[in-house]
Chemist: 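Mind looking over this structure? Questions follow.
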Amino acid sequence: MDIRIGYGWDSHAFKAGVPLKIGGLSIDHPEGLAGHSDGDVLLHAITDALLGAVSAGDIGSFFPPGDPRWKDANSAIFLNLAIEEIESAGYRIVNVDTTLVLNAPKIGPISNEMRERVAELLGIAPANVGIKAKTPEGLDANHVAQAHAVVLLERIEEPGDLQTMTAVMESQRQLEDVVRDLVSQVHGVPAKAPFDTEDIT
Ligand code: MG
């Protein structure tokens, strides 16, 4: 199969006195997202979407919440591992689309900056990243941030194409050898002497 789709979701509660980080951006806000890591709800959802797209498990199977190594960890580490997983499975990212659900802060004014930061972390163009945000109307979730993410992957070019090119180059080399032998028979030039095929006139 040449394309794969992945979906991820995450949620974190807001907590006073914690720095707020969403999409790899530090955001000036009185509260941050509580979590074992830096609580970056958007990067966690994208990480799960990437892992899910290649059936590689989820963020918790790679980075157990109880592991002290990941205390306050930068979530870009999780994202990098997911990118390595999809690349070793033979895929690359086509595009990513996301929706944040939270009451505050307003994402609209910083969505472009967030899009560029997420694109940078994923190693793709900002035009291939969607950042959308909604308020949790009717969800009774005013003190929570949720993130949804979908990714589309495509297979990286097959190594078989390289093998075909090598075979073509090899057959050209064999053809040159045959021509060299024939010309040497006609002109009495030693068969293994250096020879430029452009001299055949
Ligand atoms: Mg999380």
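Quantities reported herein were computed from a predicted structural model and do not represent experimental measurements. Counting starts at 1 for both ligands and their atoms, in listed order.
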Chemist: So, is D40 placed with an N/O/S atom under 2.8 Å from the Mg ion (ligand 1), counting both backbone and side chain?
Modeler: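 No.
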Chemist: Are the side chain of R92 and the backbone N or O of I156 linked by a donor-acceptor pair below 3.5 Å?
Modeler: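 A pair under 3.5 Å: no.
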Chemist: Could you point out which residue of I59, L79, V96 forms a side-chain contact (heavy atoms from CB on, under 4.5 Å) with L50?
Modeler: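 In the set I59, L79, V96, the residue that makes a side-chain contact (heavy atoms from CB on, under 4.5 Å) with L50 is L79.
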Chemist: Could you identify the N, O or S atom of H44 positioned closest to the Mg ion (ligand 1)?
Modeler: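 Looking only at N, O and S atoms of H44, the one nearest the Mg ion (ligand 1) is named ND1.
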Chemist: By atom name, which N, O or S atom belonging to D10 lies closest to the Mg ion (ligand 1)?
Modeler: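 Looking only at N, O and S atoms of D10, the one nearest the Mg ion (ligand 1) is named OD2.
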Chemist: Are K132 and T99 close enough that a side-chain donor and a side-chain acceptor fall under 3.5 Å?
Modeler: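 On atom types as modelled, these side chains qualify, holding a pair under 3.5 Å.
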Chemist: Looking only at N, O or S atoms, find the one in H12 nearest to the Mg ion (ligand 1) and name it.
Modeler: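 The H12 atom nearest to the Mg ion (ligand 1), restricting to N, O or S, is NE2.
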Chemist: Measuring only between side-chain heavy atoms, which start at C-beta, is V144 closer than 4.5 Å to L102?
Modeler: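 Side chain of V144 against side chain of L102, heavy atoms only: no contact under 4.5 Å found.
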